[in-house]
Structure formats: C-alpha cells, structure tokens
Amino acid sequence: MLILSIETSCDETSAAVVTDGTSTSLGTRPEVLSNVIASQTEFHKKYGGIVPEIASRKHIEVINLIIKEAMEKATKGFEDINAAAVTCGPGLVGSLLVGVCAAKAIAYSLNIPLIGVNHLEGHIYANFLSPSTPPPFPFICLMVSGGHTMIVEVKDHGKYKILGQTRDDAAGEAFDKVARLLKLGFPGGPIIDKLAKEGNPHAVEFKRPMIEDEFKYDFSFSGIKTAVVNLVHRPSSIVPRIPDIVASFQQAVVDVLVEKTIKAAKNKNINTICLAGGVSANSLLRSQMLKQGEEAGLSVIIPPFEYTTDNAAMIGCAAYYKFINNKFSDLSLKPSAILKL
Ligand code: KG4
Ligand code: ZN
C-alpha cells in the first residue's frame with residue numbers, strides 16, 4: 001500500500017511517499033520511501049517572519065515539482081498510489097489551500113481515497129517513524145511548534161485529550177521573537193540552539209513561569225520574552241553577552257517544558273513520553289527530556305531529527321493509520337486555519 005502525502009501548512013512545501021513498513025511487537029509501522037521538502041525561509045527572512053501571501057505564492061510555484069521529485073525518489077508511478085493525504089489545518093489558509101487542491105486533484109484523477117490530516121496530529125505521528133517500536137498507547141506528547149505548545153494525552157489512534165497549553169506565546173514563537181529582538185535572524189529556534197552552546201545557561205536566572213502548579217499543565221512564555229527585552233534595554237555596560245542570554249533563555253524554556261511533561265506523565269500514571277513539533281529539534285530539549293524522563297522511570301521517544309520540523313512524511317504516517325482504520329475524507333475537504341486537534 002502506498003500513500004502520497006502533501007504538507008503546505010506554513011512555509012515548507014513537502015511531499016512524501018509512505019508505505020506499509022516493518023512489523024514490530026506493537027504492530028506495523030509505516031516506512032518512508034521519500035520525503036522532499038522545499039523551504040521558503042530565504043524569501044521570508046528579510047521580513048523577520050513569514051509573510052502569508054508570499055508563502056502561498058511560493059507553494060503554487062513549486063508544488064508540482066516537489067510531488068514529482070517525491071515520486072521519483074520513491075521510484076513509484078502515480079498508478080502505484082493507493083491514497084492521497086494532505087494537511088488540512090491548522091495553518092495559513094492560503095498555504096493550506098495549495099496542498100489541499102493538489103491532493104484533491106490527485107485523488108480525483110486517480111480515483112483513489114483522499115485523507116485529510118490535522119497538522120498537529122501529523123507532528124505526533126512523527127514519533128511512529130522512530131527506528132524502534134511505535135509508542136505504546138497511552139502516551140503523553142509534548143507538542144511544541146511555532147504556533148502551538150501543548151501537553152496531549154494520546155489515548156489511541158485519533159484519540160487526544162489536551163491537558164494544557166500556552167496562554168500566550170508558543171514555545172517556537174518565543175524562540176523566534178527573542179532571536180528577532182537580538183537581531184540574530186529567522187527562524188530563531190535553530191539559531192538560538194546553536195549559539196546557546198557558546199553561552200552559560202545560568203548567567204541569567206530567568207523565572208520559570210507556571211512551573212510550580214502541580215496539577216496544571218498550561219504554559220506562559222511571554223514573560224521570559226519581556227525579561228529578555230528588559231535585559232537588553234539596560235545600559236550597555238551591564239548587558240550580559242548574547243550567547244549567555246540565549247543559553248539562559250533556552251534553559252528556562254526547556255526546564256519548564258520538561259518538568260511539566262514529566263509531571264503530567266507521573267500524575268496520569270502514563271509511562272511513555274513523546275516529543276513533537278519544530279521545537280522538538282532543539283538539542284537541549286531532546287537531551288534533557290531523555291535524561292530526566294529516564295531518571296523518572298519513564299520511556300522517552302523522540303522523533304528522528306528530520307521529521308521534527310514541518311514535513312510530509314509525518315502526514316503520510318498519520319494517514320497510514322487512518323487508511324488502515326478506514327478513516328477517509330472526501331472531495332468536500334476544506335482547509336481550516338483553526339482546525340482543532
Ligand atoms: O513545527 P514547525 O516546523 O512549524 C509549525 O508548525 O509551527 O515549527 C517551527 C518552529 C519555529 O518557531 C522554529 O524556530 C522552531 O520550530 N524550531 C526550533 C528549533 N528548530 C526549529 N526551536 C528551538 N530549537 C530548534 N533547534
Ligand atoms: Zn508544524
């Protein structure tokens with residue numbers, strides 16, 4: 001069985017081919033035959049953020065080429081494809097529309113099923129592409145991206161309970177805003193991740209917002225961002241070194257994310273933690289979650305690095321489980337900017 005999947009929710013145009021994969025003790029796990037990603041970062045960075053109008057135009061320019069390349073890399077023809085999957089939200093509506101139209105055209109012309117996938121669900125399913133076994137249900141997933149930060153209890157395929165979420169900025173948004181403030185470039189997450197390795201994470205003791213609430217899993221990151229603003233507006237002689245600021249900022253964010261996720265797993269008596277979303281590429285978050293999770297007696301699964309930021313393979317993976325459970329969409333599928341998990 002082969003699924004052609006498409007992801008265009010933000011500023012990456014991606015297409016992938018996913019097939020039935022290896023069988024494991026916890027059931028079969030899909031296998032990625034190709035995963036092609038065209039990033040638009042260079043077109044947005046001079047504006048310091050994503051310009052939605054540019055994003056949708058760039059998707060239109062490259063979508064057919066990216067699909068063609070994904071098919072070629074998988075060495076498959078359209079006649080081999082059994083379903084077309086696509087991200088239908090949440091995201092930028094003009095960007096989503098490009099992928100949804102392409103997937104509908106493929107499904108209609110090949111007379112194969114269409115599968116709409118929630119982008120956040122796609123991020124969660126990146127964990128099923130880990131080389132070991134798929135995560136056992138139930139598990140706790142920390143979802144940290146540019147637009148979302150939430151702790152989700154994943155009870156079964158397609159069954160989610162949001163335990164907590166951010167009350168203001170998303171974690172990735174905080175990384176991007178702090179990097180912009182410090183004039184480090186866009187997107188801020190990977191830049192801060194790299195620069196923080198040259199800094200002292202304890203140079204500035206930022207408050208760890210909302211860390212003390214034992215049974216509450218909400219987050220707030222706008223306060224740390226404001227603390228960085230106040231720091232750089234000090235007289236220049238007492239402004240800490242930039243690597244020290246970003247290392248301390250990153251440490252504060254990661255401390256809160258890790259502690260709250262472990263608390264959620266312990267309080268819910270759930271033994272497995274997964275990470276999802278672009279911020280799960282963060283090296284400190286990955287190492288700290290693995291270390292602290294294991295110290296707490298939990299099993300921690302992290303998605304392979306290449307499937308952390310937006311990609312179509314994770315959408316194909318989520319679609320694979322929908323396909324085998326007969327969960328299809330139809331040609332009335334519409335993109336939604338605010339689709340809920
Ligand atoms: O999941 P994603 O690719 O797109 C959304 O769905 O939002 O996440 C993008 C976010 C951006 O805010 C980016 O700065 C952040 O993920 N990000 C990182 C790292 N790589 C990407 N944040 C921290 N450390 C990283 N290494
Ligand atoms: Zn994403």
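Order of listing sets the numbers, starting from 1, for every ligand and every atom in it. Atom set for the values below is all heavy atoms of this structure, side chains included, hydrogens, waters and symmetry mates excluded.
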**Q** Under 30°, 30 to 60°, or over 60°: which ring-plane class applies to His157 and Tyr125, parallel, tilted or perpendicular?
**A**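 Aromatic pair His157/Tyr125 classed parallel.
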**Q** Which atoms from ligand 1 have a heavy atom of His123 less than 4.0 Å away?
**A**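 Ligand 1 atoms under the 4.0 Å threshold to His123: 1 (O), 6 (O).
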**Q** Could you list which atoms of ligand 1 come closer than 4.0 Å to a heavy atom of Gly146?
**A**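 Those qualifying, in numeric order: 5 (C), 7 (O), 8 (O), 9 (C), 10 (C), 12 (O).
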**Q** Taking the inter-plane angle between the rings of Phe128 and Phe137 on a 0 to 90° scale, is it parallel (under 30°), tilted (30 to 60°) or perpendicular (over 60°)?
**A**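 It falls in the tilted class, 30° to 60°.
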**Q** Name the closest protein heavy atom to atom 14 (O) of ligand 1, giving the residue it belongs to and the distance to 0.1 Å.
**A**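 Ranking protein heavy atoms by distance from atom 14 (O) of ligand 1, first comes Asp176 OD1, 2.7 Å.
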**Q** With atoms numbered from 1 as shown, which atoms in ligand 1 lie under 4.0 angstrom from a non-hydrogen atom of His119?
**A**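 Near His119, the atoms of ligand 1 are 6 (O).
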**Q** Please work out which of Leu120, Thr309, Leu284, Asn282 has its closest non-hydrogen atom nearest to atom 24 (N) of ligand 1.
**A**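 Closest candidate by heavy-atom distance is Asn282.
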**Q** Taking only residues two or more places apart in sequence or in another chain, which ones pass side-chain hydrogen bond (donor to acceptor under 3.5 Å, both in side chains) with Thr41?
**A**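 Only Ser39 meet the side-chain hydrogen bond (donor to acceptor under 3.5 Å, both in side chains) criterion with Thr41.
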**Q** Can a donor-acceptor pair be found, under 3.5 Å and without considering hydrogens, that links the side chain of Asn118 to the backbone of Lys340?
**A**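 Checked: pair present.
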**Q** Report, in ascending order of atom number, the atoms of ligand 1 lying under 4.0 Å from any heavy atom of Gly172.
**A**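 Counting from 1, the qualifying ligand atoms are 12 (O).
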**Q** Among residues at least two apart in sequence or on other chains, which ones pass side-chain hydrogen bond (donor to acceptor under 3.5 Å, both in side chains) with Asp255?
**A**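 Scan of Asp255 (side-chain hydrogen bond (donor to acceptor under 3.5 Å, both in side chains), adjacent residues dropped) gives Arg208, Gln251, Gln288.
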**Q** Which ligand 1 atoms are under 4.0 Å away from a heavy-atom of Gly147?
**A**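 In order of numbering, the contacting atoms are 7 (O).
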**Q** Can you find a side-chain donor-acceptor pair between His59 and Thr13 that sits under 3.5 Å?
**A**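 Yes - a donor-acceptor pair under 3.5 Å links their side chains.
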**Q** Considering only heavy atoms of Gly278, which atoms of ligand 1 have at least one such atom less than 4.0 Å away?
**A**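 The list of qualifying atoms is 1 (O), 2 (P), 8 (O), 16 (O), 17 (N), 18 (C), 19 (C), 20 (N), 21 (C).
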**Q** Which protein heavy atom lies closest to atom 22 (N) of ligand 1, and at what distance to 0.1 Å?
**A**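 Scanning the protein heavy atoms, the shortest distance from atom 22 (N) of ligand 1 goes to Gly189 CA, 3.2 Å.
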**Q** Which protein N, O or S atoms sit under 2.8 Å from the Zn ion (ligand 2)?
**A**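 Those protein N, O or S atoms (cut-off: under 2.8 Å from the Zn ion (ligand 2)) are His119 NE2, His123 NE2, Asp310 OD1.
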**Q** Do the charged groups of Lys68 and Glu72 touch, with an N to O distance under 4.0 Å?
**A**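 Salt bridge between Lys68 and Glu72, a charged N being under 4.0 Å from a carboxylate O: yes.
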**Q** Can you name the one residue among Ser9, Ser95, Ser14, Cys10 that meets side-chain contact (heavy atoms from CB on, under 4.5 Å) with Thr87?
**A**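 The residue from Ser9, Ser95, Ser14, Cys10 that satisfies side-chain contact (heavy atoms from CB on, under 4.5 Å) with Thr87 turns out to be Ser9.
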**Q** Does some non-hydrogen atom of His148 fall short of 4.0 Å from ligand 1?
**A**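 So His148 does not count as touching ligand 1.
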**Q** Looking at Glu212 and Lys260, is there a salt bridge between them, counting it only when a charged N and a carboxylate O are closer than 4.0 Å?
**A**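 No, no charged N to carboxylate O under 4.0 Å.
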**Q** Tell me which pairs pass side-chain hydrogen bond (donor to acceptor under 3.5 Å, both in side chains) where either residue lies in residues 164-179, with sequence neighbours left out.
**A**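 Residue pairs with at least one partner in residues 164-179: Arg167-Asp218, Asp168-Ser220, Asp168-Ser222, Asp169-Lys177, Asp169-Lys225, Glu173-Lys177.
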**Q** Quick one: which of Ile50, Val144, Asp193 has a heavy atom closest to atom 26 (N) of ligand 1?
**A**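 Comparing heavy atoms across Ile50, Val144, Asp193, the nearest one to atom 26 (N) of ligand 1 lies in Asp193.
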**Q** Considering only non-hydrogen protein atoms, determine which one is nearest to atom 2 (P) of ligand 1 and report residue, atom name and distance to 0.1 Å.
**A**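 Looking at atom 2 (P) of ligand 1, the protein heavy atom closest to it is Asp310 OD1, 3.2 Å.
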**Q** Evaluate the criterion salt bridge (charged side-chain N to carboxylate O under 4.0 Å, His left out) for residue pair Lys73 and Glu69; output intermediate values, then yes/no.
**A** CA-CA 6 Å; Lys73 286 211 164 128; Glu69 197 180 326; 3.1 Å; yes
**Q** Should Phe43 and Lys58 count as side-chain neighbours, where that means a heavy-atom distance under 4.5 Å?
**A**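 Side-chain contact under 4.5 Å: yes.
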